[in-house]
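Worth saying up front: this structure is predicted, and the values here are computed from it rather than measured. As the structure lists them, so they are numbered: ligands from 1, and atoms in each ligand from 1.
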Amino acid sequence: MSDLVPLEEAQALVIGRCARLDPRAVPLADALGCVLAAPVVARTDVPPFANSAMDGYALHAADTQDAPVTLTVVETIAAGARPTSTVQPGQAARIMTGAPMPDGADAIVMVELTSGTPTSDTVTVNEAVPVGNHVRGAGDDMAAGDEVFDAGTVLTPGHVGVLASLGVEAPTAWPRARVGVLSTGDELVNGEINDSNRPALLAACAASGFEPVDLGVVGDDGDALAKAIEEGVATTDALLTTGGVSAGDFDFVKRILDTQLQVAIRPAKPLAFGLVDGTPVFGLPGNPVSSMVSFELFARPAIRRMMGFADGDLHRPRLTAVADEDMTRRPDGKTHFIRVTARYDDGEGRWHVKRAGGQGSHQLLALARADALAIVPDGPGVSAGGSVTVMVL
Ligand code: AMP
Ligand code: MG
């Protein structure tokens, strides 16, 4: 067991060899989840002009101080229209939400505080309002010259909205990594076993914000495998293979990649890794659960690093939960990852977890049903009611 590499050491070794991609202009429509590589500075005011926050009347606040008061309506200003007249004392302009403030007016009275009809030439204002009432000033949200986002910001839908409102069409960001997925195994080629790893990993890549590239299946043939890997790295930023990294006679992937590790974890103990023509290649194990857990622990954080995520933001979030059943185990030098379902107890204010099903490395169903992995360190494990750290999937 002395050849087992601690998880953190194996992660550092692999992640450290995955260099960041070159930032570029990423079209806004594809920028969700990407990391900004340069700060964003507002080039214009948002909103670009003072406008009304309400459907109502633009007027002089001073005219309303002795409300009720009747004013002459000089025009109607729709959103998207330009005012044509200056509002004088004693006058008002009917105005819609978002329409530009007419010159002269310094306040809005919402339509609910007036009497009159939309077509009449006068309006009666029933309440006094202060200067600036319901007026959105130019630059109220963002002013030209403001630095609105730092480099390193991970773009959410809110950020995408702000960038669009500033007219930024392609922010400077790290691009989505193109990640190839290649399954290996004669049993898959012959159709004896359905290839589940490739679709699952392609989906995992998509769910992680990577660009998945399906590279198909290759048999347990050293030359064919070497060729498939070489062709794969020519068109991708990173490559995932599954299978062929154990101690079997036909495990060829590990002979192609320069680093073979036995990581002190269960499942997903074997891992091969190497740079092929400068592209990181992750030789994930073939067992279906192992390949996904290995993706979570090694490939996903490493590829996030390539996409510019900060070192503190590479891994899944963790939380502490109550084990609702025994998660006891025998000491074996390994950290165990148990597929669990998590439930938040509102009254207690704590998370609870229990097994999502069978825990064999071939039993993919429990992984599909799980929403977290409980991390049970080497030792006797955790008894029901004890607390356990979980990694949220
Ligand atoms: P290996 O690591 O190649 O020895 O594979 C370990 C186990 O995982 C074997 O039972 C394989 O049949 C199975 N396996 C390998 N690759 C896949 C795959 N892509 N989809 C489903 N099962 C697989
Ligand atoms: Mg195999």
Side-chain angles (χ1 to χ4, degrees), residues 3-5 7 10 14 179-208 210 212-233 236 238-274 276 281-300 303 334 336-337 339 356-370 373 393:
D3 58 340
L4 291 180
V5 183
L7 174 61
V14 166
V179 183
V181 180
L182 177 70
S183 284
T184 78
D186 283 344
E187 73 279 29
L188 311 174
V189 172
N190 300 338
E192 293 154 17
I193 299 285
N194 283 331
D195 178 4
S196 61
N197 291 352
R198 189 163 43 102
L201 286 168
L202 289 166
C205 285
S208 298
F210 312 153
V213 180
D214 187 349
L215 297 177
V217 187
V218 64
D220 292 314
D221 168 333
D223 292 338
L225 201 55
K227 186 163 170 277
I229 289 176
E230 254 159 50
E231 284 174 3
V233 297
T236 56
L239 185 63
L240 313 178
T241 66
T242 77
V245 295
S246 305
D249 292 347
F250 304 100
D251 289 336
F252 291 107
V253 173
K254 63 175 190 177
R255 300 182 208 171
I256 294 171
L257 304 179
D258 62 33
T259 303
Q260 293 84 39
L261 300 171
Q262 299 296 315
V263 188
I265 55 175
R266 179 177 161 182
K269 180 173 69 138
L271 174 72
F273 179 82
V276 175
V281 179
F282 299 82
L284 308 180
N287 275 307
V289 174
S290 305
S291 70
M292 295 296 277
V293 170
S294 194
F295 173 84
E296 287 293 337
L297 295 177
F298 299 103
R300 187 175 180 278
I303 297 169
K334 297 176 200 158
H336 290 196
F337 288 83
R339 280 70 81 200
Q359 299 290 318
S361 60
H362 60 297
Q363 291 175 303
L364 196 52
L365 185 57
L367 180 70
R369 289 179 172 159
L373 297 176
L393 295 176

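- Counting only heavy atoms of the protein, atom 5 (O) of ligand 1 lies nearest to G286 CA, 3.8 Å.
- For the pair P288 and ligand 1, the shortest N or O to N or O distance does not fall below 3.5 Å.
- For R255, the CZ atom is densely surrounded, since the number of other residues' heavy atoms within 6.0 Å is greater than 12.
- Below 4.0 Å from some heavy atom of N194 lie the following atoms of ligand 1, by number and element: 20 (N), 21 (C).
- In terms of protein heavy-atom proximity, atom 20 (N) of ligand 1 is nearest to S196 N, 3.0 Å.
- If you number the atoms of ligand 1 from 1 as listed, the ones under 4.0 Å from a heavy atom of S183 come out as 19 (N).
- Distance from atom 19 (N) of ligand 1 to its nearest protein heavy atom, with residue and atom name: D195 OD1, 2.7 Å.
- Listed by number with element, the atoms of ligand 1 under 4.0 Å from a non-hydrogen atom of T242 are 19 (N).
- More than 12 heavy atoms of other residues, nucleotides or ligands shown are found within 6.0 angstrom of CZ on R300.
- The closest approach between a heavy atom of V217 and any atom of ligand 1 is not below 4.0 Å.
- Distances below 4.0 Å separate heavy atoms of G243 from the following atoms of ligand 1: 2 (O), 3 (O).
- Those atoms of ligand 1 with a heavy atom of L188 less than 4.0 angstrom away are 16 (N), 17 (C), 18 (C), 19 (N), 20 (N).
- Distance alone, capped at 3.5 Å, is enough to place a donor-acceptor pair between the Q260 side chain and the L257 backbone.
- Considering backbone and side-chain N/O of E187, one or more are found under 3.5 Å from N/O of ligand 1.
- A side-chain contact (heavy atoms from CB on, under 4.5 Å) with T184 holds for exactly one of D221, V217, V253; it is V253.
- Protein heavy atom in closest approach to atom 3 (O) of ligand 1: G244 N, 3.0 Å.
- Applying the 4.0 Å criterion to heavy atoms of S246 picks out, from ligand 1, the atoms 2 (O).
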Report task. I would like to know whether L201 and T242 meet side chain to side chain contact (heavy atoms under 4.5 Å, CB included); could you show each step before the answer? Result -> CA-CA 9 Å; L201 286 168; T242 77; 3.2 Å; yes
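- The protein non-hydrogen atom at the shortest distance from atom 17 (C) of ligand 1 is N197 ND2, 3.2 Å.
- Within a 6.0 Å radius of NZ in K254, more than 12 heavy atoms belonging to other residues, nucleotides or ligands are found.
- Within 6.0 Å of CG in N190 there are more than 12 heavy atoms belonging to other residues, nucleotides or ligands.
- Taking each heavy atom of L240 and A299 in turn, the nearest pair found is CD2-CB, 3.7 Å.
- A 4.5 Å side-chain heavy-atom check between R369 and R339 finds every atom pair outside the cut-off.
- D251 OD1, 4.0 Å is the protein heavy atom nearest to atom 4 (O) of ligand 1.
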Query raised in the report: Should S183 and N197 be marked as a side-chain hydrogen bond (donor to acceptor under 3.5 Å, both in side chains) after you check the CA-CA gap, both sets of side-chain angles, and the distance that decides it?
Result: CA-CA 7 Å; S183 284; N197 291 352; 5.4 Å; no
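- The protein heavy atom nearest to atom 7 (C) of ligand 1 is N287 OD1, 3.4 Å.
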